[in-house]
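So the structure is just underneath, and the comments pick up after that.
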Amino acid sequence: MGSDKEWYSQLETAILIRVEDFKLMGYREIKAEHIWSFLVEVVWKGQENPRLHQRIHDILQMKIASLMDFITIGPSEDEANVDTLSLQLDGQE
């Protein structure tokens, strides 16, 4: 397993659980795509190849403040990531 698409299919259930957790906390605008972008562009950036259990742990331990900072501000060290996320968010409802 190596591609983002393969990883996403393995982790989709955990991501959707986290989306529901955030909705219960009042963050109804959070979507699976936001979480996936945050994980790939921030949490796992520069890591060799985290194992499945580490990736699941990262998803379930994700803090809403960090995710919201990423969505609203974007990762400050890489402007390309901000542009990519902005395009993704513009396409969302």
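Predicted model only: the values in this text are computed from it and were never measured. Scope of the values below: all heavy atoms of this structure, side chains included, with no hydrogens, waters or symmetry mates.
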Open item on the list: Show the nearest heavy-atom pair for residues K23 and R28, with the distance to one decimal.
Closed with: O-NH1, 3.1 Å
TODO: State plainly whether one hydrophobic cluster holds both M25 and I15, where clusters connect Ile, Leu, Val, Met, Phe, Trp and Tyr through side-chain heavy atoms under 4.5 angstrom apart.
DONE: yes
Task: Note: R55-D58 ion pair, threshold 4.0 Å (strictly below) - done: no
Open item on the list: Return the CG to CD1 distance between D21 and I64, rounded to the nearest 0.5 Å.
Closed with: 10.0 Å
Task: Spacing of Y8 atom OH and E33 atom CD [to the nearest 0.5 Å] - done: 5.5 Å
Task: Minimal non-hydrogen separation, D4 against W36, with atom names - done: O-CZ2, 3.5 Å
Open item on the list: Could you see if L16 belongs to whatever hydrophobic cluster contains L39? Use Ile, Leu, Val, Met, Phe, Trp, Tyr and a side-chain cutoff under 4.5 Å.
Closed with: no
Open item on the list: Can you give me the closest heavy-atom contact between P50 and W44, atom names plus distance?
Closed with: CG-CD1, 4.0 Å
- [ ] Could you check D69, L67, I73 and say which one makes a side-chain contact (heavy atoms from CB on, under 4.5 Å) with I71?
- [x] L67
Open item on the list: Using every non-hydrogen atom in the two residues, find where R18 and Q61 come nearest and quote the distance to one decimal.
Closed with: NH2-C, 4.5 Å
TODO: Please round to the nearest 0.5 Å and tell me the distance separating atom CG of L11 and atom CD1 of I35.
DONE: 11.5 Å
Task: Nearest heavy atoms of F70 and H34, plus distance in Å - done: CE2-O, 4.3 Å
TODO: Indicate yes or no for a side-chain donor-acceptor contact from S9 to the backbone of E6 under 3.5 Å, with no hydrogens or angles considered.
DONE: yes
TODO: Taking all non-hydrogen atoms of both residues into account, name the closest pair between W7 and R51 and its distance.
DONE: CH2-C, 4.3 Å
TODO: Check whether more than 12 heavy atoms from other residues, nucleotides or ligands sit under 6.0 Å from atom OH of Y27, and answer yes or no.
DONE: no
